[in-house]
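Worksheet: one structure, shown below.
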There are 2 protein chains.
Amino acid sequence: MNSRKRATIYDVAKELGISPSYVSKALNNHPSVGDLIRRRVKEKADQLNYKHNSHAANLRRGQSRTIGVVVPHINQSFFSDAISGIEEVCFARNHSLVICQSHESYEKEGKAIETLIHQNVDCILISNAEETISAHHLRQANKNKIPVIQFDRCLDDFDSFKVVNDNKAVSYEAVRSLIREGYRNIAFLGGPSRVKTFQERKEGFIAAIDEANLPIPYNFIVENALSRERGRQAAMPLLKLPNRPDAIFSVSDYQSLGVMDAAAVLGISIPSDLGLFGFADETFAQLVTPSLSTIDQHSVELGRKAAELYFQHIYQQEQMPETETIVIASEMRIRQSSRRQ
Amino acid sequence: MNSRKRATIYDVAKELGISPSYVSKALNNHPSVGDLIRRRVKEKADQLNYKHNSHAANLRRGQSRTIGVVVPHINQSFFSDAISGIEEVCFARNHSLVICQSHESYEKEGKAIETLIHQNVDCILISNAEETISAHHLRQANKNKIPVIQFDRCLDDFDSFKVVNDNKAVSYEAVRSLIREGYRNIAFLGGPSRVKTFQERKEGFIAAIDEANLPIPYNFIVENALSRERGRQAAMPLLKLPNRPDAIFSVSDYQSLGVMDAAAVLGISIPSDLGLFGFADETFAQLVTPSLSTIDQHSVELGRKAAELYFQHIYQQEQMPETETIVIASEMRIRQSSRRQ
DNA sequence: GTAAATTTTTCAATCGGTTGCATAAAATGA
DNA sequence: TCATTTTATGCAACCGATTGAAAAATTTAC
């Protein structure tokens, strides 16, 4: 107990005068171990302050009961909520979680995947970085027998389970709601166009414009302007045009913040001169003035679903999963920024 | 290469006609391996898509080159920023990170520690949950030869390295700034009083009141009201009093949000009728209206320091560290909510 | 009371690297 | 050329838990 090293099943076995393997079975509730012994073993283990060594077990088992998660930033509510959902499911299944941030960098994302491979995680759940252009790292994981499930930001050319929002549909609805409020010159601020998520949001935007028989405002479509800063930079020239847009549909709340910054500088008031719609329902969306209309992605549910996918389709059966895409319905949160009165 | 299992050093060794141990040494840049062989081994390893198995290495080595982090919530900027700092240092030292959330629950915190012990992390960096009343789980870690470093929310009765802000000093300054603005009836909304962090913030509050020769407003001191909801619940009765406070010093931005909620309901306007100071400089602090005066805890730096402490004092030498407390200076961000004009 | 069936317990191999020590090979020196 | 030093390579034990098969102990059946 006071030795320099941690107690092992060998220590527990010796104390009890039984074999280590028997101790292992007792601790794992193996059916061939009776109640009495099981109880006695567990007691003694406690007494010796024995703690299971996952590394040893994982090495032997060849699986780690650990799920790796890679997201761009853990402090954006969409991702931290999704992680909460994942955590919940994993916890119930007695699996642990390793969370990595890519900070939107492809290089860091690759390193994260590498680490997760080394740790021999049983599955990788990933929402890709903005920078990510190739699925090389994901293929790398697959080559090492680790299944990958993509959520939210998915690469189209990598076959895997995917869990996404109804991006097109909800974007369509959001833009329709702008049109309903009387906005006619609606601009679109997008994300990296290679990421399907943002593609779809654009498609929804175009569909709504089209349906309302408005001309598609090609010069009002800016891609790859995801952060607050880049949102501001993208909005600024648009809002300086003589025939500037009277509303902006934006694919992220942070981006919308940038639009608000630009509008403030130019003295354009929201929502009267400029309607604004964001995406993600970050904490601050309801707190800014005017409060930001946005889209609640039901991210906890989305994360939960992604994790469940692993347990239901991959964990159970041996065969590699077929590709499949799960769609989580999202919901508009209409607030002041898109209400022209 | 197409076998069902991942390549190991044995596979690499066989292909090259050398021994596995030699491969291991080559891959680890052991000095007794020449350049030529080293290069050849690494090439072949790549070719076979060999990936190091951390579990095997960790088992043998008895250490995991992994640091465990436990925080209440990953989506509060203070914590996610601190994690960024920790990540940065660990990355530079080639260590990986396991991040756990306690969701402010003592039970979950205990489970997290348990998991980290099983994973045999080399060190645990923790900011305690609101609920945490005992250091039993931290002692548990120590018993299992895992050093613990506390940051921000520290338990006083557990000896360890601690990295904290100058809570008392900055709180004192913040309250002084309220007094300077002419506020005289200042209330205090606190966190769980057993957590030293919040104790100190209260002490700073009292010191400033005292120094200004104002009476200590014992009936205006509410403890344990950390969340937005509880902040609102705590503020409501205070603000309904006939001689209600004319300012509130609050120990968290979320709590301040609750105060704003209450003030809005009661038609009390900030900052003219009520001054407000928060703590943490969350993203939303500068976005709300009026913008929230708060305290930037320099949390990235704080996290960095906590991680460095491990590498400098524990990782290097064998002996257990002496207790020591590092103080990170924080900084006021005075905005509208505390400016009476 | 003994054979058969069943339950309890142990054996021994295994997972994949790591590492100190031994050995082999090469380089150096006289 | 042979002894000596230096450098390169391999051996084998080890980390701690798991697991199927074998052995031992117990129960059941006749």
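As a basis for the values below, the full set of heavy atoms in this structure was taken, side chains included, without hydrogen atoms, waters or symmetry mates. Everything quoted here is computed from the prediction, not taken from an experiment. Lettering follows sequence order; numbering is per chain, from 1.
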When rounded to whole Å, the CD1 to P distance for the pair A/Ile117 and C/dG16 reads 16 Å
So that I can tick it off, tell me whether B/Glu130 and B/Arg153 are bridged by a salt bridge, with the cut-off set at under 4.0 angstrom between side-chain N and carboxylate O.
no
OP1, OP2 of D/dC14 versus side-chain N and O of B/Arg60: anything below 4.0 Å?
no
Under a 4.5 Å cut-off applied to non-hydrogen side-chain atoms, are B/Leu309 and B/Glu324 in contact?
no
Compare side-chain N and O positions of A/Tyr50 against OP1 and OP2 of D/dA17 and report whether any pair is under 4.0 Å apart. yes
**Prompt:** Any side-chain N or O of A/Asn28 less than 4.0 Å from the OP1 or OP2 oxygen of D/dT18?
**Reply:** yes
At 4.0 Å (heavy atoms only), tell me whether B/Ser32 reaches a base, stays on the sugar-phosphate, or touches nothing. base
Parallel, tilted or perpendicular for A/Tyr106 and A/His137, by the 30°/60° rule?
perpendicular
When rounded to whole Å, the CG to P distance for the pair A/Asn53 and D/dT18 reads 9 Å
Taken to the nearest whole Å, NZ/B/Lys14 to C1'/D/dG10 is 17 Å
Separation of C/dT8 atom P from A/Arg39 atom CZ, nearest Å, is 14 Å
B/Lys51 NZ to C/dC15 P, in whole Å, measures 22 Å
Would you indicate what B/His30 reaches in the nucleic acid, counting non-hydrogen atoms under 4.0 angstrom: base, sugar-phosphate, or nothing? nothing
Contacts of B/Leu59 and B/Pro31 projected onto DNA chain D by closest heavy atom; the upstream (5') one is B/Pro31
TODO: Test side-chain contact (heavy atoms from CB on, under 4.5 Å) on A/Thr115 and A/Cys100 and set out the steps.
DONE: CA-CA 9 Å; A/Thr115 305; A/Cys100 303; 5.6 Å; no
Side-chain N,O (A/His55) to OP1/OP2 (C/dC15) below 4.0 Å
no
From CZ of A/Arg61 across to C1' of C/dG16 the rounded distance in Å is 16 Å
Residue pair B/Ile37/A/Tyr10 against DNA chain D: nearer the 5' end by closest nucleotide is B/Ile37
B/Gln63 CD to D/dG16 P, in whole Å, measures 13 Å
Could B/Arg39 and B/Glu43 be called an ion pair, given the rule that one side-chain N must be under 4.0 Å from one carboxylate O? no
Does the C/dG20 base have a donor-acceptor partner in the side chain of B/Lys25 within less than 3.5 Å? yes
Looking at B/Ser24, I'd like to know whether one of its side-chain N or O atoms comes within less than 4.0 Å of OP1 or OP2 on C/dG17. no
To the nearest angstrom, the CZ-C1' distance between A/Arg38 and C/dT8 comes to 13 Å
Is the phosphate of C/dT10 approached by A/Ser19 (side-chain N or O, under 4.0 Å from OP1 or OP2)? yes
Closest of C/dG16, D/dT19, C/dT19 to the A/Ser21 side chain is D/dT19
